[in-house]
Amino acid sequence: MLMAALQALLLSLLVLTGGRGQQAAPPGCRLYPFNVTVRSDRQGTCQGAHMAQACVGHCESSAFPSRHSVLAASGYRHNITSVSQCCTISGLRKVKVQLQCGGSRKEELEIFTARACQCDMCRLSRY
């Protein structure tokens, strides 16, 4: 659990800094806009761009010595307990993206983007 929390923290720092060692963003969990290109197929027959939202930021996490009852129940192998929170999407919004299909033909596609963010329990299935 502690290792997963550390990996999630390192991953979020790499995402925030672009992996280039830039100064980290201020604390907090917030929406972050980014440009996404949407294609109808691998060949890019129809494509369009849209400004979507992601959730980025820092949330509180802590580690502390386990209580005696936890130690005993784990056969004295679980000596540190960690509580981790990750910045996650708490609300989604559907947006329509206009796709240009060569010439004057256009299509419309709906995608999801983050509407709201919050610090929540870290779950490996989300990352």
Side-chain angles (χ1 to χ4, degrees):
M1 177 77 165
L2 180 59
M3 192 57 134
L6 289 174
Q7 287 173 338
L9 178 61
L10 288 174
L11 179 61
S12 67
L13 287 174
L14 282 174
V15 168
L16 287 173
T17 63
R20 294 184 296 271
Q22 298 171 344
Q23 192 173 21
C29 177
R30 66 198 164 284
L31 289 170
Y32 178 80
F34 67 100
N35 199 29
V36 62
T37 300
V38 180
R39 294 185 179 98
S40 61
D41 55 30
R42 289 181 185 251
Q43 292 77 29
T45 305
C46 300
Q47 67 180 18
H50 185 78
M51 188 64 69
Q53 300 277 350
C55 291
V56 299
H58 307 270
C59 298
E60 278 193 39
S61 296
S62 60
F64 46 89
S66 296
R67 294 188 326 202
H68 181 72
S69 59
V70 173
L71 284 168
S74 69
Y76 295 88
R77 291 186 314 271
H78 189 93
N79 57 354
I80 295 179
T81 298
S82 63
V83 178
S84 304
Q85 290 193 323
C86 294
C87 183
T88 61
I89 295 173
S90 61
L92 290 172
R93 178 171 53 104
K94 265 189 198 180
V95 293
K96 294 180 180 183
V97 180
Q98 295 292 324
L99 303 180
Q100 185 67 40
C101 302
S104 60
R105 191 173 132 240
K106 294 184 179 188
E107 287 185 17
E108 191 173 83
L109 182 70
E110 285 187 331
I111 63 170
F112 286 101
T113 186
R115 179 178 44 84
C117 305
Q118 71 179 23
C119 290
D120 196 4
M121 182 173 56
C122 298
R123 294 180 183 92
L124 286 176
S125 62
R126 292 184 179 174
Y127 306 100

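Please read these numbers as outputs of a predicted model, since none were measured by experiment.
- The closest side-chain heavy-atom distance from Gln100 to Gln47 is not below 4.5 Å.
- Note that OG of Ser61 is 7.0 Å distant from CD of Gln85, once rounded to the nearest 0.5 Å.
- The minimum heavy-atom distance linking His50 with Val97 is given by the pair CB-CG2, 3.7 Å.
- One distance of note links CD1 of Ile111 with NZ of Lys96; it measures 13.0 Å at 0.5 Å rounding.
- Across the pair Cys119 and Cys87, the gap between the SG atoms, which is the quantity tested here, reaches or exceeds 2.5 Å.
- Between the CG atom of Leu92 and the CZ atom of Arg115 there is a distance of 7.5 Å, given to the nearest 0.5 Å.
- Across all their heavy atoms, Cys59 and Cys86 have their closest contact at SG-C, 3.5 Å.
- When atom types are taken as modelled, the side chain of Ser66 and the backbone of Leu71 share no donor-acceptor pair closer than 3.5 angstrom.
- Residues Phe112 and Lys94 approach most closely at CE2-CG, 3.5 Å, considering heavy atoms.
- Under the 3.5 Å distance criterion, the side-chain polar atoms of Ser90 are matched with a main-chain donor or acceptor of Ala116.
- Of the inter-residue distances, the one linking Cys29 atom SG with Ile89 atom CD1 reads 9.5 Å to the nearest 0.5 angstrom.
- Taking a 6.0 Å sphere around CD of Glu60, one finds it holds 12 or fewer heavy atoms contributed by other residues, nucleotides or ligands.
- A search for side-chain hydrogen bond (donor to acceptor under 3.5 Å, both in side chains) contacts involving Gln118 returns nothing, not counting sequence neighbours.
- Residues Leu31 and Phe34 do not share a hydrophobic cluster, defined by chaining ILVMFWY side chains whose heavy atoms lie under 4.5 Å apart.
- Smallest separation of non-hydrogen atoms from Leu99 and Gly48: CD2-N, 3.4 Å.
- The pair Glu108-Lys106 fails the salt-bridge criterion, with no side-chain N (NZ, NE, NH1 or NH2) lying under 4.0 Å from an Asp/Glu carboxylate O.
- Of all heavy-atom pairs spanning Val38 and Leu109, the tightest one is CG1-CD2, 3.3 Å.
- Annotation: the span from Arg39 atom CZ to Cys46 atom SG amounts to 12.0 Å, rounded to 0.5 Å.
- With a 4.5 Å cut-off on side-chain heavy atoms, Tyr76 and His68 count as touching.
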